[in-house]
Amino acid sequence: MDKKLKVGVLGATGMVGQRFLSLLENHPWYEVVVVAASPSSAGKRYEDAVGSRWKMTTPMPEAYKDLVVMNVNDVDAVASKVDFVFSAVDMTKEEIKAIEEAYAKTETPVVSNNSAHRWTKDVPMVVPEINPEHFAIIESQKKRLGTKRGFIAVKPNCSIQSYAPVLNAWKEYEPYEVVVTTYQAISGAGKTFKDWPEMVENIIPFIGGEEEKSEKEPLRIWGHIEGDEIVPATSPKITCQCVRVPVLNGHTAAVFVKFKNKVSKEDLIKKLVEYKGEPQELNLPSAPKQFIQYLTEDNRPQVNLDVDFENGMGVSVGRLREDSMYDYKFIGLSHNTLRGAAGGALLCAEYLTAKNFITAK
Ligand SMILES: NC(=O)c1ccc[n+]([C@@H]2O[C@H](COP(=O)([O-])OP(=O)(O)OC[C@H]3O[C@@H](n4cnc5c(N)ncnc54)[C@H](OP(=O)(O)O)[C@@H]3O)[C@@H](O)[C@H]2O)c1
């Protein structure tokens with residue numbers, strides 16, 4: 001790329017926003033020129049607006065400290081400075097829907113981490129290794145919005161990333177019944193142990209809205225384009241329980257699967273480790289070289305040892321074995337704020353840039 005694209009981060013002071021900024025610090029294609037947040041942060045230096053809320057383990061990049069935070073709601077002012085934006089604002093669903101559409105209508109593509117538009121019929125929800133063909137729906141969306149280059153694209157929920165890629169690798173064996181329990185890290189709620197002390201040595205068996213997302217979002221990813229909408233798949237049936245556990249980063253999933261077609265354990269493992277998608281073929285900057293690794297030790301994958309596999313963009317699987325009631329069971333692990341949030345959105349943006357959906361204004 002001759003010249004880096006100019007990027008804005010909406011919700012830049014929050015946890016996911018901080019993750020975006022950290023990932024974009026030395027990005028070969030993108031340069032952050034706008035950090036935007038709520039009116040209470042607007043006008044402040046980024047470092048002052050964040051104050052003691054910096055949640056990354058690496059220090060705040062110097063390049064961002066003196067940027068003056070803009071107000072997310074000043075859509076035209078932000079849009080005039082950038083080629084596209086990442087969205088990680090925490091507002092009501094209706095407010096997020098409206099503001100992301102407002103940005104798209106200024107001819108500014110929006111790659112969003114939020115759930116607000118995940119079921120908008122012509123908004124693609126994509127894991128680039130699984131369903132990049134859904135980005136084609138953007139043409140229908142642009143017609144609806146009346147735009148030439150503005151659109152919204154989203155990534156799915158963090159909870160599904162430890163098992164949906166695995167089930168996708170096994171698609172030809174036709175998984176038809178799946179039982180999942182997720183063990184989800186506290187950073188998924190934008191928290192650390194410092195700001196959520198009740199989570200120390202604790203388990204909370206409820207995460208608002210998460211079970212529905214975990215059961216339904218994989219079906220939309222496996223759906224197809226029909227006219228001007230994405231029609232979700234109807235199989236496999238997934239039932240899920242989501243549990244918050246005292247882990248900082250890393251969502252683990254314990255999964256049982258029934259297959260229509262008989263398959264050996266060796267073949268299932270082969271499908272996982274050989275899985276390659278378009279991000280690997282296109283050699284996108286944030287694409288993991290190996291999307292899924294299989295660990296043979298009985299005590300893996302472990303959060304402490306495996307969550308950062310492929311810079312947090314890979315999925316780790318282990319303990320695949322036959323089951324007495326289902327066909328197989330396994331454990332999956334993925335990084336919830338990297339693959340599951342900012343990293344997943346960044347990979348979508350890279351794919352969209354490689355395919356000329358996102359260009360310089
Ligand atoms: N954490 C995760 O792993 C994760 C994963 C998937 C999806 N998500 C979703 O991503 C979004 C951000 O999550 P987070 O954990 O980063 O939240 P967060 O730490 O609370 O950050 C929220 C951001 O939104 C801004 N904001 C809040 N109210 C606003 C308003 N009225 N107008 C404009 N900006 C406003 C905040 O600005 P100020 O600092 O100025 O208040 C801040 O920059 C949420 O929708 C969340 O559900 C999070």
Side-chain angles (χ1 to χ4, degrees), residues 8-23 32 34-56 60 64 67-75 77-78 85-100 102-103 110-118 125 127 152 154-162 182 184-196 199 207-210 212-214 217 242 244-245 247-251 307 312 334-348:
V9 177
L10 312 180
T13 49
M15 187 175 224
V16 179
Q18 293 172 21
R19 193 56 98 178
F20 272 123
L21 291 184
S22 302
L23 290 173
V32 176
V34 171
V35 287
S38 77
S40 65
S41 296
K44 295 180 184 163
R45 287 173 66 246
Y46 180 72
E47 186 179 24
D48 297 335
V50 173
S52 61
R53 296 183 293 161
W54 184 256
K55 292 178 181 174
M56 303 296 104
M60 180 185 289
Y64 305 133
L67 289 178
V68 175
V69 178
M70 295 184 75
N71 181 348
V72 165
N73 304 292
D74 290 340
V75 179
V78 173
V85 293
F86 288 108
S87 172
V89 284
D90 197 7
M91 301 159 90
T92 67
K93 223 172 197 172
E94 288 318 309
E95 286 170 334
I96 293 174
K97 272 188 170 172
I99 201 123
E100 291 185 347
Y103 273 93
V110 179
V111 182
S112 179
N113 183 68
N114 296 306
S115 62
H117 274 297
R118 286 189 197 150
M125 175 166 73
V127 175
I152 301 159
V154 302
K155 52 141 279 288
N157 203 49
C158 47
S159 60
I160 74 165
Q161 321 258 355
S162 313
T182 61
Q184 300 192 202
I186 62 171
S187 59
K191 301 268 204 275
T192 61
F193 287 108
K194 196 176 100 201
D195 36 51
W196 201 1
M199 274 311 299
I207 306 174
E210 205 77 350
E212 193 187 2
K213 290 175 189 167
S214 305
E217 288 189 11
C242 297
R244 189 73 74 191
V245 295
V247 160
L248 182 60
N249 291 308
H251 289 354
V307 74
S334 69
H335 197 301
N336 55 296
T337 65
L338 286 167
R339 169 56 73 169
L346 179 56
L347 193 59
C348 285

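One-based numbering, in listed order, for ligands and for the atoms of each. Keep in mind that the numbers below use all heavy atoms, side chains included, and drop hydrogens, waters and symmetry copies.
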Mind listing the N or O contacts between ligand 1 and protein, cut-off under 3.5 Å?
residue, atom, partner, partner atom, Å
ligand 1, 1 (N), S187, O, 3.0
ligand 1, 3 (O), S187, O, 3.3
ligand 1, 8 (N), N113, ND2, 3.2
ligand 1, 10 (O), N113, ND2, 2.9
ligand 1, 16 (O), M15, N, 3.0
ligand 1, 16 (O), V16, N, 2.8
ligand 1, 19 (O), M15, N, 2.9
ligand 1, 24 (O), D90, N, 3.0
ligand 1, 28 (N), D90, O, 3.1
ligand 1, 34 (N), S38, N, 3.4
ligand 1, 37 (O), T13, OG1, 3.2
ligand 1, 37 (O), S38, N, 3.4
ligand 1, 39 (O), T13, OG1, 2.5
ligand 1, 39 (O), R53, NH1, 2.8
ligand 1, 39 (O), R53, NH2, 3.0
ligand 1, 40 (O), S38, N, 3.2
ligand 1, 40 (O), S38, OG, 2.6
ligand 1, 40 (O), S41, OG, 2.5
ligand 1, 41 (O), S38, OG, 3.4
ligand 1, 43 (O), G11, O, 3.2
ligand 1, 43 (O), T13, N, 3.4
ligand 1, 43 (O), T13, OG1, 2.6
ligand 1, 43 (O), G14, N, 3.2
ligand 1, 45 (O), V89, O, 3.3
ligand 1, 45 (O), N114, OD1, 2.8

Parallel, tilted or perpendicular: ring planes of W54 versus Y46, cut at 30 and 60 degrees: perpendicular
Determine the sole option in E217, H251, E210, E212 for which the side chain to side chain donor-acceptor pair (under 3.5 Å) test with N157 is passed. E210
Residues passing the side chain to side chain donor-acceptor pair (under 3.5 Å) test with T182, sequence neighbours excluded, are Q184
Going by the rule side chain to side chain donor-acceptor pair (under 3.5 Å), which residues pair with R244 if we only count those two or more places apart in sequence or in a different chain? none
V35 and its side-chain contact (heavy atoms from CB on, under 4.5 Å) partner, picked from L21, V78, T13, V68: L21
Using side chain to side chain donor-acceptor pair (under 3.5 Å) as the criterion, list what pairs up with S22, not counting sequence neighbours. none
